[in-house]
Amino acid sequence: GSALQGMKRFFIYSLAPVLYNVGIIIGALWLTKIEAFGVFGLAWGVVLGALLHFLVQLYGVLQAGYTYKFTFDIKDKDTREIIRLAGPRMLGIGVNQINFVIYTVIASTLAVGSVTIFQFAYNIQFFAVGIIGISYAIAVFPSFSEAFENKAMEKFKQSFSSAVRQVLFFMVPATILFLIVRAQIVRVVVGAGEFDWPATIMTADTLAFFALSFVAQSLIFVLARAFFALHDTVTPLTAGVVSTLLGLISALWLSKDFGVIGLAMAFSIAAIVNLILLWVPLRQRIGSLDEERIVRSLFTISTAGILAALVMQMMKPVVVNFFSINTFFGVFFQGFIAGGLGLVVYVVVARLLKSEELDVILAGLRRRILRKATPEEAIGTESPTGS
C-alpha cells in the first residue's frame with residue numbers, strides 16, 4: 001500500500017478496503033449459512049477480506065514493475081532509517097487505539113446504552129473525516145516527501161497550503177451539514193429496531209460535538225504526514241500523547257455533567273489541541289505555512305457555509321409538508337433535500353466569491369473527464385493529488 005501511495009497509484013490502493021469489506025459481506029451473508037462454518041463464517045469472511053485486500057495491492061505493485069529480490073543488510077542506511085521512524089509511528093497508532101478503548105470504558109460507566117451511542121456517533125463522524133482528511137493526507141504525502149528530498153521547501157509549503165485549503169473547502173460544509181441535519185443522518189443510518197427516537201436524539205447530539213472538530217481531525221492527518229515527510233515521527237507521537245491525556249482528563253470531568261455527550265466534547269477538545277501542537281512546531285521548523293492565504297480562503301469558505309446553513313435550516317420544515325417524517329423515506333428525503341440544496345448553495349456562492357479551491361477541483365475534474373491535459377498540467381501545484 002505504501003509503495004502504491006509513493007507511486008501515486010491511488011485507484012488500486014483505494015480498491016483494497018472495498019474488497020476487504022466485500023470479503024466480510026460474503027462471510028456474513030453466505031459463509032455463515034454453510035453448516036461447516038456456522039457463526040465462524042463471520043471470522044472467515046474477515047480472513048477472505050484481508051486476503052483480497054492484500055492481493056489487489058500486490059497486483060498493483062507487480063503491474064508497476066516490482067520484482068522480489070532477497071537481501072538482508074542490517075547496516076543498510078534506508079533500513080536503519082525505517083526502523084528509527086517506525087518505532088514512534090507504531091506507538092502513535094497504539095495510543096490512538098488505546099484512547100478509543102478508554103473512551104468506551106468510560107462510556108460503559110454511564111447510562112445504559114451510552115457505549116452504543118458513543119460508538120455509533122464516532123463511526124458516523126469518522127466517515128466524513130476518513131473520506132476527506134485521510135484521503136487528502138495520503139494523496140499529498142508523496143508530494144511532501146519529494147519536495148523535502150529535493151530540498152524544495154517552497155514547493156513543500158505550496159503543497160501543504162493547497163492541501164489545507166482543500167480540506168477546509170470540504171470539511172467546513174461537512175461540519176455544517178452534520179450539525180444541521182444530524183438527527184436525520186443518525187435516524188437513516190442507525191434508527192431502526194430497538195434504536196428509538198430518544199436514543200437517536202442523544203446520538204445526534206453526541207455527533208454534533210464530534211462534528212465541531214471535523215476540521216481539526218482532518219488537518220491532523222495532513223500535518224502528521226508533513227512531519228513524516230520531514231523524517232520526524234516523534235513530534236506527532238508527542239502531540240498525540242499530550243492531547244490524548246488532556247482528552248481523557250476532560251472526558252472524566254465532562255461525562256459527569258453531560259454524560260456520553262461529554263465524551264464527544266472531550267474528544268473534540270483533544271483534536272483541537274493536537275492540531276495546535278502540530279501546527280506550531282511545523283511552523284517553527286519550516287517558517288510560514290502560508291497562513292495568510294489559508295485565512296483568506298477560510299473567510300470565503302465560511303461565508304458560503306453560513307449561507308448554505310441558512311438554506312438547510314429553512315428547508316427542513318418545508319420538506320415536512322411533502323414527506324412524513326414518521327417513515328424512513330420521509331426522514332431520508334428531509335435530510336437529503338435540505339442538505340443537498342444547502343450544498344448546492346455552498347458551491348454556487350463559493351463560485352461567485354471566486355474560491356480558488358473550487359476552481360482547482362473543477363479544473364481537476366475537467367482534466368479527468370476530457371483527458372486532454374499534458375503531464376505537466378496534470379501535476380499542478382494546487383492539487384495535492386497531482387490531478
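Note that the structure is predicted; figures quoted are calculated from it, not measured.
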What pair of heavy atoms forms the shortest contact from [X] to [Y], and how long is it?
X	Y	answer
Ala163	Val222	CB-CG1, 4.2 Å
Met312	Ala338	CG-O, 3.4 Å
Ala107	Leu263	CB-CD1, 3.6 Å
Ile176	Ala309	CG2-CB, 3.5 Å
Gln217	Ala271	CG-CB, 3.9 Å
Ala229	Phe141	N-CE1, 3.6 Å

Hey, does the side chain of [X] reach the backbone of [Y] with a donor-acceptor pair shorter than 3.5 angstrom?
X	Y	value
Asn274	Ala270	no
Ser161	Lys157	no
Thr233	Leu85	yes
Thr300	Ser355	no
Ser302	Phe299	no
Lys316	Ile180	yes

Give the cluster check for [X] versus [Y]: same hydrophobic cluster or not, with ILVMFWY residues linked at side-chain heavy-atom distances below 4.5 Å.
X	Y	value
Val56	Phe54	yes
Ile93	Leu278	no
Leu29	Val47	yes
Val115	Ile98	no
Ile249	Ile102	no

Kindly compute the distance separating [atom1] ([X]) from [atom2] ([Y]), expressed to the nearest 0.5 Å.
X	Y	atom1	atom2	answer
Glu149	Phe156	CD	CZ	11.0 Å
Phe170	Ile132	CZ	CD1	5.5 Å
Leu207	Ile117	CG	CD1	12.0 Å
Ile220	Ile276	CD1	CD1	10.0 Å
Leu179	Asp205	CG	CG	10.5 Å
Gln125	Ser268	CD	OG	7.5 Å

### Task
May I ask you to check whether Phe210 and Phe118 place their ring centres under 6.0 Å from each other?
yes
### Query
Aromatic ring centroids of Tyr122 and Phe267 under 6.0 Å?
yes
For [X], is the [atom1] atom crowded, meaning more than 12 foreign heavy atoms sit under 6.0 Å from it?
X	atom1	value
Met202	CE	no
Phe209	CZ	no
Phe336	CZ	no

### Query
Do any pairs count as a ring-ring contact (aromatic ring centres under 6.0 Å, His included) and have a residue in residues 273-295, sequence neighbours left out, and if so which ones?
Phe160-Trp279
#### Entry: Leu245: hydrophobic cluster co-members (side-chain, 4.5 Å)
Leu91, Val95, Leu237, Val241
With sequence neighbours left out, write down each residue that passes salt bridge (Lys or Arg N to Asp or Glu O under 4.0 Å) with [X], or none if nothing qualifies.
X	value
Glu292	Arg296
Arg285	Asp232
Arg225	none

Do [X] and [Y] come within less than 4.5 Å of each other through their side chains, counting heavy atoms only?
X	Y	answer
Arg182	Ile185	no
Tyr346	Leu358	no
Phe148	Ile286	no
Val360	Ser162	no
Glu357	Leu168	no
Val46	Tyr20	yes
Tyr136	Ser218	no
Thr235	Leu230	no

### Task
Would you check, one step at a time, whether the test side chain to side chain contact (heavy atoms under 4.5 Å, CB included) holds for Val167 with Val215?
CA-CA 8 Å; Val167 167; Val215 169; 5.8 Å; no
## Note on the structure
Contacts satisfying side-chain hydrogen bond (donor to acceptor under 3.5 Å, both in side chains) that involve residues 79-99 (not counting sequence neighbours) are Asp76-Thr79, Glu81-Arg84, Glu81-His231
### Task
Pick out which of Lys354, Arg165, Arg351 makes a salt bridge (charged side-chain N to carboxylate O under 4.0 Å, His left out) with Asp359.
Arg351
